[in-house]
Number of protein chains: 2
Amino acid sequence: MFFGEYPYKVDEKGRVPLPPKFRRQMREGVILAKGMGEKCIAVYPVAEWKRLSDSLAAKAVTPANLRKLNRAIFGSAFSASFDGQGRITLPFPLREYAGIGDTAIVVGANNCVELWCEGEWKAEKTSAEEQASQIIETFGA
Amino acid sequence: MFFGEYPYKVDEKGRVPLPPKFRRQMREGVILAKGMGEKCIAVYPVAEWKRLSDSLAAKAVTPANLRKLNRAIFGSAFSASFDGQGRITLPFPLREYAGIGDTAIVVGANNCVELWCEGEWKAEKTSAEEQASQIIETFGA
DNA sequence: AGAATTGTGGGGAAAAGTGGGGAAAGGGGG
DNA sequence: CCCCCTTTCCCCACTTTTCCCCACAATTCT
């Protein structure tokens, strides 16, 4: 379970710390991938990543479909691990994709962690909150 | 079950005590989240939080929906626990959101506890009482 | 009235955030 | 094929923040 929202510096070498509480759930290493649909970087613990990619692969109906899926999923994924200071280095393609400069917002999103640039996150946050309150008002909590 | 309304000091380090009666129902730790819709901090016992977040997640219809929902729910939530004096430390984003300065009104709200700044609470209180009496008169008690 | 619990404040030790340096590895050019 | 340059990785150092413990005053309970 990943909670909360934390701003962190990205240094010149592209390194970002993750909150200690997150690290403890990621001792086995992590997979970095493009956020699906959203302009952010998704960080999965390896176990969770395997679960996800397997369940996706199982839903591909044709071999051609599966190949495409595999390319899209694995092609943009990188494995990473923590240095002695609890930081991971962001691969440049992902960093560029998410538009992350010298600050990253680290967001806990239940089963994964997301990295956002400040601007995109502010927008996404308000839209997510709107949608959540709609669901709550409609169905109740 | 949480009852009552108590004013407490918030010290320079952002720590707030909760009433002993509340603590005893929160030994396993708590989750702090934005009050849904209202400008306050909601404090849930972990078990109650899990119940709530699960039931909300179940209402998301599409994967994209679910991701957004997770961001709204988990992104603004923080776990916390009590220090030796029965206090919890308020994460700065939440404190700012609720506009809590050096005093917090701790309010028992049945399944959770809410933290308000004095001003907002006074307003919410009168409006809540008015609405409640209307509801009672309309539907009976 | 005495004892225990609670509200409030602060200090010190440990951990976390940030930045930089040097060695090893990889690639390109001579 | 060798050398040099670039890049990457790992380690070290410093500053700030956080966490945990102690202490006192006030209140409550017995």
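In the text below, chain A, chain B and the rest are named by the order of the sequence lines, each starting its count at 1. Only heavy atoms go into these numbers, but all of them, side chains included; no hydrogens, no water, no symmetry mates.
Residues satisfying the ring-ring contact (aromatic ring centres under 6.0 Å, His included) criterion with A:Phe82, sequence neighbours excluded, are absent altogether. A search for side-chain contact (heavy atoms from CB on, under 4.5 Å) contacts involving B:Ser133 returns nothing, not counting sequence neighbours. In this structure B:Tyr6 satisfies the ring-ring contact (aromatic ring centres under 6.0 Å, His included) test together with B:Phe22, sequence neighbours excluded. For B:Arg95, there are no side-chain hydrogen bond (donor to acceptor under 3.5 Å, both in side chains) partners at least two apart in sequence or on another chain.
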Run the side-chain donor-acceptor check on residues 29-40 of chain B: report pairs under 3.5 Å with partners two or more places apart or on a different chain.
unit_1, atom_1, unit_2, atom_2, d
B:Lys34, NZ, A:Glu129, OE2, 2.8

Donor-acceptor pairs under 3.5 Å, side chain of residues 101-123 of chain A to any protein atom, not counting sequence neighbours: which ones?
unit_1, atom_1, unit_2, atom_2, d
A:Asn111, ND2, A:Glu48, OE2, 3.0
A:Glu114, OE1, A:Trp116, NE1, 3.1
A:Glu114, OE1, B:Arg71, NE, 2.6
A:Glu114, OE2, B:Arg71, NE, 3.3
A:Glu114, OE2, B:Arg71, NH2, 3.0
A:Trp121, NE1, A:Glu5, OE2, 3.2

Under 3.5 Å, which donor-acceptor pairs link side chains of residues 9-16 of chain B to any protein atom two or more places apart or in another chain?
unit_1, atom_1, unit_2, atom_2, d
B:Asp11, OD1, B:Lys13, N, 2.9
B:Asp11, OD1, B:Gly14, N, 3.2
B:Asp11, OD1, B:Arg15, N, 3.1
B:Asp11, OD2, B:Arg15, NE, 2.7
B:Asp11, OD2, B:Arg15, NH2, 2.9

Scan nucleotides 17-21 of chain C against the protein and return all N/O pairs shorter than 3.5 Å with their distances rounded to 0.1 Å.
unit_1, atom_1, unit_2, atom_2, d
C:dG17, OP1, A:Tyr8, OH, 2.3
C:dG17, OP2, A:Arg23, NH2, 2.6
C:dT18, OP2, A:Lys9, N, 3.3
C:dG19, N7, A:Arg87, NH1, 3.0
C:dG19, O6, A:Arg87, NH2, 2.8
C:dG20, N7, A:Arg15, NH2, 3.1
C:dG20, O6, A:Arg15, NH1, 2.6
C:dG20, O6, A:Arg15, NH2, 3.3
C:dG21, O6, A:Lys13, NZ, 2.1

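A donor-acceptor pair shorter than 3.5 Å can be found between the side chains of B:Ser79 and A:Lys21.
With axes fitted over five pairs at each extremity, the angle between the ends of the helix from C:dA1-D:dT30 to C:dG30-D:dC1 is 30° (10° resolution).
In this structure, OH of A:Tyr6 is placed 13 Å from C1' of D:dT18, rounded to the nearest angstrom. Following rounding to the nearest Å, B:Phe92 (CZ) and D:dT16 (P) show an atom-to-atom distance of 18 Å.
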